[in-house]
Amino acid sequence: MMTVSRNKLTKKDITNMSLLSAVLQLGFNYERMQAMGFCFTMAPYFKKIYGDNTEEVAAAMTNNIDFINTEMHMATFLNGLILSLEEAGEDRELIRNIKNGLFGPLAGLGDAIFWFTLLPISAAIAVSLNKQGSILGPIVYMVIHFFGAISRVPLGHLGYNLGTNAIDLIRDNATAITKAAGVLGVMVVGALIPSYVNFSFPETFVIFDVVPVQGIFDTILPNMLPLGFVLFLHYLIKNKNVNAVQLIFGIIVVSIILSFFGIM
Amino acid sequence: MMTVSRNKLTKKDITNMSLLSAVLQLGFNYERMQAMGFCFTMAPYFKKIYGDNTEEVAAAMTNNIDFINTEMHMATFLNGLILSLEEAGEDRELIRNIKNGLFGPLAGLGDAIFWFTLLPISAAIAVSLNKQGSILGPIVYMVIHFFGAISRVPLGHLGYNLGTNAIDLIRDNATAITKAAGVLGVMVVGALIPSYVNFSFPETFVIFDVVPVQGIFDTILPNMLPLGFVLFLHYLIKNKNVNAVQLIFGIIVVSIILSFFGIM
Amino acid sequence: MMTVSRNKLTKKDITNMSLLSAVLQLGFNYERMQAMGFCFTMAPYFKKIYGDNTEEVAAAMTNNIDFINTEMHMATFLNGLILSLEEAGEDRELIRNIKNGLFGPLAGLGDAIFWFTLLPISAAIAVSLNKQGSILGPIVYMVIHFFGAISRVPLGHLGYNLGTNAIDLIRDNATAITKAAGVLGVMVVGALIPSYVNFSFPETFVIFDVVPVQGIFDTILPNMLPLGFVLFLHYLIKNKNVNAVQLIFGIIVVSIILSFFGIM
Amino acid sequence: MEITLVQGLLLALVAFIGSLDQQMEVFLIFRPIIVCFFSGIVLGDVQLGLSSGAVAELAYLGLLTIGGTVPPNPLIAGIMTTVIAYTSGVSAEAALGLSLPFALLGQWIGMILSTLYSGLMKFADDICARGDVAALGRLIALAAFGKALVSAVVIFLSAYLIQEPITVLVSQFPEWLIHGFRVAGNLLPGVGLALLLKVMLKVDNVAYLFIGFIIATYVEMGNVLPIAIIAVCITFLSYINSKDRQAYDVGGVDDDGI
Amino acid sequence: MEITLVQGLLLALVAFIGSLDQQMEVFLIFRPIIVCFFSGIVLGDVQLGLSSGAVAELAYLGLLTIGGTVPPNPLIAGIMTTVIAYTSGVSAEAALGLSLPFALLGQWIGMILSTLYSGLMKFADDICARGDVAALGRLIALAAFGKALVSAVVIFLSAYLIQEPITVLVSQFPEWLIHGFRVAGNLLPGVGLALLLKVMLKVDNVAYLFIGFIIATYVEMGNVLPIAIIAVCITFLSYINSKDRQAYDVGGVDDDGI
Amino acid sequence: MEITLVQGLLLALVAFIGSLDQQMEVFLIFRPIIVCFFSGIVLGDVQLGLSSGAVAELAYLGLLTIGGTVPPNPLIAGIMTTVIAYTSGVSAEAALGLSLPFALLGQWIGMILSTLYSGLMKFADDICARGDVAALGRLIALAAFGKALVSAVVIFLSAYLIQEPITVLVSQFPEWLIHGFRVAGNLLPGVGLALLLKVMLKVDNVAYLFIGFIIATYVEMGNVLPIAIIAVCITFLSYINSKDRQAYDVGGVDDDGI
Ligand SMILES: OC[C@H]1O[C@H](O)[C@@H](O)[C@@H](O)[C@@H]1O
Ligand SMILES: OC[C@H]1O[C@H](O)[C@@H](O)[C@@H](O)[C@@H]1O
Ligand SMILES: OC[C@H]1O[C@H](O)[C@@H](O)[C@@H](O)[C@@H]1O
């Protein structure tokens, strides 16, 4: 393998590869999950590196058609990293080990940032705009996620430039960032509860003939019912292993029953 | 003492003992403070342990009729602890040392939690409900303190189950919990000041013929007078050793004088 | 020098010296900055120390007519320190070294406290009172800075009493205090932005014929324009080396242009 | 308004039960907010019970029994505030001021009894030496019953028997004097808060006093619960944080992640 | 109101494009807030698109695809919420409840396809062994196209073909049933939030849940952005703080100053 | 409105006294908020003095003399803002913009004088060599008097002598130009704040900028004092905390308790 000649990738190549990496989940399946998209993202650049040496291209591709499942933006980072290693002629076994060691932690990190932080915040902003009847809601949402989408370009470059240094970097910061994203996400969820979960009894639901039940709760702590409701659902999910579909059905059934008796 | 036969206490015994421990301060007096109640709480269970062996019962009781003064819930904890030691046949001298070493720190801890935290918070909630003319005020107050009262049951079990481990546990956490309760209590007191201390000058008290004095204070910082008043009282108490009765009399006298001159 | 006789300075002397130190910047010039005022503040007390021994007075004065530039209150502290050293008959070379080593750090500390913290806060309070049309604004401002001014008296005493211990004290606390003042100042500046920078588009400036531009910004985050504006100016100052005069001119020119086109 | 004999006896009952709880400090129904409420029910004016309870509870918030000290008696203060407001028609704030002599009376009686009860320890020692559990039970029951009875009698006398002279006295007070008592009633909660601060305020936590104050001043909240929640959160975070620090110093937390 | 053929086809187009994005998770235009908006445009009722988008987005906020799991399909839920509200005239909240069967249908189809697609790996391996880049591209394009087409067909059938029976069914629902679905629609966002909490909530950060809740309850804010900003600030501060600590422990930060 | 000779002289007096304080930076009565107030009194329009003081103070908030630098002169800016608003009848914001040339003039004169005064050091050295305390006193008194006199003259000329041409000039400005100056006056405080940030803003504390901003945006407060109090509290807590940490690292704080 030592005598293989390699072409250099340009900055533009890495940018294009990063854009291409959007295909990651095309062809997603339960056997190898994102294997096809992950491999195809890099394939044109393997070809660029090895030129007409189809044998090497095939070897590099085969090395990357294994099972992989990670977060989309982090995949781009990993693609950049692998291309830099491939270009440097690193041992393919090593490359595969690095890939297999990193995709899990990277998934956690990426999910924390994109799914658990960016998504609820952008949704919250957009929903509040929607509720005011403004078309800014969807527009702002698309703009935010447009930037989310193209953030894969610097991530791809980062992976490429760091090369093997990437491994230490991830080890040092993954916990801190995941933790930080947790704080952010949890606080936003807390803030969403009063605005978006609409759990209240109608004026007409009274006890002792005159005392409206909702008034009692509002006197003690406004929005305590939505809060309690979410915490109760969380308890069911976490401790009773109830799944989302069961919850949704349950809520619909209970809602209809409460509606029938005029309680809600 | 080695050959003494001992009966086992059941979970139910500990629960009953914890409930009985409410008598702690009956018979309170300046010579030995809570000695009678503390001893009587455990006496029936000494009897259960030793059966007809009245001598041992008497010895155990006599060992616990010393001076003691601690917080009520913490006393229950201590009762549980002592019963477990008695049941295990520990040396009575040791038991007495443990009791004498722990009741002070436990008093600090318990006072911080129950008197300085739970009481003002529950009072604040209840008072605000009262002020809205709702009978929920006293009801909520009683409910809160009902749970406060029965919290002695788990505390009794905790003491019994920990046995000698209790000593380390207390040493490790007393400071932290006392500190935490301090933060909580102080912040709540700060929040109570604007709502509950009503220190303001009437509209009719003006300077320069037209400028209402109260308006000046409100412009700079609303409620600064109540805040300053409480801090001033605190200063008198802390640095000038003025006691509560003196303060109360002083306030009444000064209020009447200010009222006479139409300043307040 | 050993045989020189020295008179003791009294507490009153230090107080008077501290008051006199207000002259620090009289005679300010680019060659030696505060040299004259700094020297003159201590000169009468050199005279008191050495009595008729004009030679020593001259030597002490000459030792303090060097370049110096520090914050005004900190200068008083330094004056106190130098007087204590002079009185103790310390070597003049040492005194000069101490002075030269301390005036820089002390300037940073003093600027952080007085210029960057006390000034904006007092200005903010006073401006808000002014805007309500109340003459309390200037009065409160003057009262605050009166206390700021006389705070040099305890600082002078502090310097005098600490003597050489001052050096360690400064080393230990300068960073912490500067940092703390930074937090305070920055948070206040953040709070000032919405109230005092008035950057908004008129109702009449609409896009799509009906949507008022200002409304869009207000829906997303009220006052985001003032915030963005200040951050942009900060960027120009910090990263583009634009100076204040250029900014002021630029703002005036752009404002006139925007006004001409009816955009603002 | 006048208090009837039945009402007087019922108030004494409230005082009796309240005193038992006050000795035990178990359900805290001896606190003004509760005894005022029941006094209001007895007197047929629940709203008065609520308002006097609010006023008296705050005034006696910091007047606690910490360390076995005996403060002006909140149980008696609570009942008498309601009673005086009812009979004399003054506001709850003014009645609170006027109830003070009774609260002090309660305090002194309490101190006397706790001194006298020291004599019981001789019997207690004997009982323990005999291992006679039941006898010890009887002894403390008697002691408790004694203290409770005294409270009941004090209330019956103060609320029923001498109501006439009190009412007459108060009716002759000039307006500024009544108003002065009302002003004092508004200020008295400050004493309770200051006494709480005496024990709790440290250099460490003084900042939280101001934070709580500022939030309550500028954010409209119905009661103090949200601030208590925030305080619990802050407390918990700093607890977590200090545990982390300890763990870290000992050597290597944060090993999760990768 | 009735959906025309052209509208039905356009909705299918929205589903087709949405499905491609859903597979790639790139622009997030498959999320209800966007597809509802476009569905609203197609149906000529933008406001309906906005309101149904708001309702559906929140309900499906926590129903994410983490770890390759397939949740009830938000793309289909979004479009069908808008469609049912439009055709049956019920509120967006009620329509959200009624769209659930379709979302579940979408989930099941997705799971089946991802199972079937496992068969493609055989071809992929061969292609890699040949080093044939273009062929791999064609394979994944085909796979993506297949999934997208299925979504389009599902939407065309559900929104256009069977609109009649759905409308008839819904029109026979009694008022309390419709109201029940509306109540459910109001509550469903709680599921999303609870699912988010499942992953994010730790002992470490539970305090922030309550802090966020209290702020949002008591301070009037148009949207959640200011709280997000505060949260970022807190996060950043504690990050800085922990870095400081580390640096300090290692030996001597804070050398600046003097 | 016109400025009379007496008013012109009194304004010069304000400038004279202000300049002495500006040199000493002792009572800060040279700041716009004070000199505008006194100018307003001199001109018989206190409200104008208050409003122009508010506007000018903020604009010059960050234009400080740190490190001996000379900024556009706030003393002259303050007086002239009041004067121009008074004579030309424009708003305080517009007047602030129009006062800028005078503030710059003041800045340049200040720089020239500080350069010239370097020549005084020769005399100062001689005086010190003689140990002549009184002579040094006379020298700096003279220097201070000189700078103050120049300020007084500048103000007298600008405010009294050339008021006519200024008024004529301003009266010919079209509406959009005056409005443009007003807009600029509204924006200028941003410069002061940005300059403050230049010195104070660090990676460490940037979060507090946003926290302060968010609080001030969403919580209605009359002035910035409550936020300053909160900031002091936070600062103090982190100071305490870092001391704790230090103590802990050194070995064993927290020995109290038990
Ligand atoms: O301070 C400890 C303890 O002392 C006394 O026994 C009582 O006043 C209790 O209420 C208190 O908790
Ligand atoms: O959890 C990691 C990763 O798993 C799957 O591949 C997808 O659901 C992604 O959306 C997710 O980010
Ligand atoms: O920066 C230190 C110091 O420098 C100069 O001497 C003056 O501008 C002072 O106002 C300032 O405090």
Side-chain angles (χ1 to χ4, degrees), chain C residues 22 25-27 29-33 36 40 43-44 47 54 57-58 61-62 65 69 72 111 115-116 121 123-128 130-131 138 141 145 149 180 182-191 193-194 196-198 222-223 227 229-230 233-234 237 247 251-252 255-256 259-260 264, chain F residues 23-28 33-34 37 47 50 53-54 57-58 61 63-64 66 68 97 114-115 117-118 121 124 128-129 131 133 136 140 143-144 176 179-180 183-184 186-187 189-191 193-198 200-202 205 208-209 212-213 216-217 222-225 227-228 231 235 239:
Chain C
Q25 297 199 126
L26 299 186
N29 61 71
Y30 287 151
E31 191 185 319
R32 303 216 204 130
M33 299 224 164
M36 282 195 265
F40 181 66
K47 205 161 163 184
T54 313
V57 174
M61 283 175 74
T62 301
I65 196 77
N69 189 32
M72 295 81 56
D111 286 351
W115 286 129
F116 299 136
I121 290 176
I125 295 171
V127 164
S128 71
N130 270 31
K131 289 202 166 165
Y141 194 88
H145 290 289
V183 168
L184 181 54
V186 161
M187 192 157 158
V188 169
V189 169
I193 291 173
Y196 299 130
V197 181
N198 200 336
N223 300 317
L227 178 65
F229 177 65
V230 171
L233 294 182
H234 177 254
I237 293 167
L247 282 184
I251 288 172
I252 290 180
S255 295
I256 290 171
S259 168
F260 184 78
M264 274 187 87
Chain F
Q23 290 177 65
M24 298 199 288
E25 298 178 335
V26 64
F27 294 118
L28 270 64
I33 205 157
I34 306 299
F37 176 56
Q47 284 302 322
L50 294 175
E57 179 70 22
L58 288 171
L61 196 54
L63 298 167
L64 301 171
I66 307 311
S114 289
T115 309
Y117 277 22
S118 297
M121 291 316 299
C128 286
V133 178
L136 188 58
I140 66 179
W176 56 264
H179 181 72
V183 168
N186 280 331
L187 295 178
V191 177
L193 298 177
L195 284 165
L196 281 176
L197 290 182
K198 182 192 172 189
M200 297 192 291
L201 199 63
K202 301 269 156 60
N205 61 25
Y208 294 104
L209 181 77
F213 171 80
T217 294
N223 64 48
V224 87
L225 184 59
I227 291 180
T235 307
Y239 177 78

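To find a chain, count down the sequence lines: A is the first, B the second, and so on, and within it residues start at 1.
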Undergrad: Which atoms form the tightest heavy-atom contact between C:A191 and F:I227, and what is the distance?
TA: CB-CD1, 3.3 Å
Undergrad: Indicate the atoms forming the closest heavy-atom contact of C:I237 with F:A194, along with that distance.
TA: CD1-CB, 3.7 Å
Undergrad: Can you list the residues that meet the side chain to side chain contact (heavy atoms under 4.5 Å, CB included) rule with C:N130, with sequence neighbours excluded?
TA: C:P138, F:I33, F:L50, F:A54
Undergrad: For F:F27, is it the side chain, the backbone, both or neither that has a heavy atom under 4.5 Å from a heavy atom of chain C?
TA: both
Undergrad: Heavy atoms only: give me the nearest F:G190-C:V230 pair and the separation to one decimal.
TA: CA-CG2, 4.0 Å
Undergrad: Does C:S259 reach the main-chain N or O of F:W176 with its side chain, forming a donor-acceptor pair under 3.5 Å?
TA: yes
Undergrad: Taking F:Q23, F:Q47, F:E25, F:K198 one by one, which has the highest count of heavy-atom pairs under 4.5 Å against chain C?
TA: F:E25
Undergrad: Excluding sequence neighbours, so at least two apart, what forms side chain to side chain contact (heavy atoms under 4.5 Å, CB included) with C:P44?
TA: C:L20, F:V133
Undergrad: Find the distance between CG (C:L26) and CD1 (F:I140) and round it off to the nearest 0.5 Å.
TA: 5.5 Å
Undergrad: Looking only at non-hydrogen atoms, find the nearest pair between C:S255 and F:L187 and report the distance.
TA: OG-CD1, 3.8 Å
Undergrad: Identify the two heavy atoms, one from C:M36 and one from F:L136, that lie closest to each other, and give their separation to 0.1 Å.
TA: O-CD2, 4.2 Å
Undergrad: Side chain, backbone, both or neither: which part of C:M72 has a heavy atom under 4.5 Å from chain F?
TA: side chain
Undergrad: Contact between F:M121 and C:I65 at the side-chain level, heavy atoms closer than 4.5 Å - yes or no?
TA: yes
Undergrad: Please check this pair: side chain of F:H179 against backbone of C:M264, looking for a donor-acceptor N/O pair closer than 3.5 Å.
TA: yes
Undergrad: Who wins among F:A231, F:A143, F:G97 for the most heavy-atom pairs under 4.5 Å with chain C?
TA: F:A231
Undergrad: Is chain F contacted by the side chain of C:F260, its backbone, both, or neither, given a heavy-atom distance below 4.5 Å?
TA: both
